[in-house]
Q: 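The following block contains the structure, expressed as structure tokens.
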Amino acid sequence: MDYLPIFLDLKGKQCLVVGGGEVAYRKVGLLLKSGAQVSVVSPELCPPLAALADIKYVAERFQATHLTNMTLVIAATDETATNEEISRQAKIRNIPVNVVDNPALCTFIMPAILDRSPLMVTFSTGGAAPVLARMMRAKLESLIPHGYGKLAAFSSKFRQAIKTQISNPDKRRIFWEDVLEGPIAEKIFAGDEKSAEAMLLNMLHGGEQNAVGEVYLVGAGPGDPDLLTFRALRLMQKADVILYDNLVSKPVLEMTRRDAERIFVGKSRGEHTMPQESINDLLVRLAKAGKRVLRLKGGDPFIFGRGGEEIETLAQHKISFQVVPGITAASGVAAYAGIPLTHRDHAQSCVFVTGHLQDGGIDLDWEMLARPRQTIVVYMGLTGLEMLCAKLVQHGLPASTPAAIVQQGTTQNQRVVCGTLATLPEKTAAEKLHAPTLIIVGGVVSLREKLSWFTPERASSKLNGQ
Ligand code: SAH
């Protein structure tokens, strides 16, 4: 170990930064964040530094007298000789000194910081490869939720009370593990500190511990696992049981916890979908058995996903749940197909509708849909496509309005068929598309030619030498 990592308490302490550029500005920002009183010595300041109200500015070149009463000094000038002089003078006075990008002149070095205050994670390569330290930080950034800071602050509020109540250190450790890994922590991450507090007090005063599980209603996005949110992924790897249906892609499902029980609740060939009521009941039953249940839904749970009904049942049974939004098919599929949903020249509004056929018809507000300068995204519209196009023309949209249908958007099997309201049904029938498919109608579809260069389709056709 070349350096001893420590955390300095600089609150109210005088610290000096020599230099007036962008680098100095960043160092000043860090020192201010930790509560230091910062003096900046430099003949000139860059505009962001000059705009800081909380610093003492000394418009001079560095002199040794500037070090009087300093607890710490950072040299961030671009003059080697000045940096060397600062280092030398600070060392004579035993003041910790950091010279930016020059470990040889430093008595301390600065790590890359992942700040979830009061939780702090720092990374250092001992000055050998600062970029590597920053890369490691970026990797961990995605694994440590922002809520961990809140969780640490929450814990500190109860630390003393829990110490008094549970005197046995082993029992106390187990108690804390349950708090920090269980439903209480999830409540904090979801921003519900009030419930977290009630649950913790209940647990502390002998209430039933974790007797009831919880449900995560998670949006899995349209298919490409890269489109999952950090929170979705974390809960996917935490759940004991997973309920999923046809819309959840295989690569997404593969990212769930390996040893979790997986229950398919969708439609398989020749069979019927599990009725919604049975899914609701199953969620309740599993949660009551103490399980952490993941209800994984394609896209976003609240967009044509019946998520509302599922949580209604959970609420009735007083089961703790949280909803994690996902990228809905409209935004994911459109982006991967190179079709912007709104565009200054083509569409100022965008509506999402379901084209589900009921009793042989589609029940939609056709007047509202057939407005100009609007993009229409139709979910579940494949079987009703012909009727949809006809109705839109009948209610005033030109038959030449561009329209596209996208099969299994964002996945390796994505296929896009483009046409107009007049031609799309026939073209689609000829292509024999597989569900799920999404229909997009409006002028924006005409932009696809220009904007779709980097879509997976093009990428793979380029790879195939086409
Ligand atoms: N909650 C989901 C939608 C559920 S309804 C969401 O927010 O995306 C199911 C419909 O979504 C399908 O019939 C299809 O129209 C659409 N859909 C979902 N994923 C899709 C995909 N990868 N490609 C094309 N359409 C998709």
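First listed ligand is number 1; within each ligand, the first listed atom is number 1.
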Q: Quick one: side chain to side chain contact (heavy atoms under 4.5 Å, CB included) partners of Leu31, sequence neighbours excluded?
A: Leu10, Cys15, Val17, Ala36, Val38, Leu72, Ile74

Q: Let me check something: any side-chain donor-acceptor pairs from residues 356-367 under 3.5 Å, sequence neighbours excluded? List them with distances.
A:
from	atom 1	to	atom 2	distance (Å)
Asp365	OD1	Met368	N	3.2
Trp366	NE1	Leu364	O	3.4

Q: Is it the case that the side chains of Asn413 and Thr411 hold a donor-acceptor pair, with the cut-off being a distance below 3.5 Å and no angle test?
A: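 No, Asn413 and Thr411 have no side-chain donor paired with an acceptor closer than 3.5 Å.
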
Q: Scan the side chains in residues 149-160 for donor-acceptor partners under 3.5 Å anywhere in the protein, sequence neighbours excluded, and list what turns up.
A:
from	atom 1	to	atom 2	distance (Å)
Ser155	OG	Leu151	O	2.8
Ser156	OG	Ala153	O	3.0
Lys157	NZ	Glu193	OE2	3.3

Q: For the residue pair Leu424 and Gly419, what are the closest heavy atoms and their distance?
A: CD1-N, 4.0 Å

Q: With a 4.0 Å heavy-atom cut-off, what residues sit around ligand 1?
A: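 These residues qualify: Pro222, Leu247, Gly298, Gly299, Asp300, Ile303, Phe304, Thr328, Ala329, Val333, Tyr379, Met380, Val406, Gln408, Gly409, Pro436, Thr437, Leu438.
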
Q: For a 4.5 angstrom cut-off between non-hydrogen side-chain atoms, does Ile279 reach Arg295?
A: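 Of all side-chain heavy-atom pairs linking Arg295 with Ile279, at least one is under 4.5 Å.
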
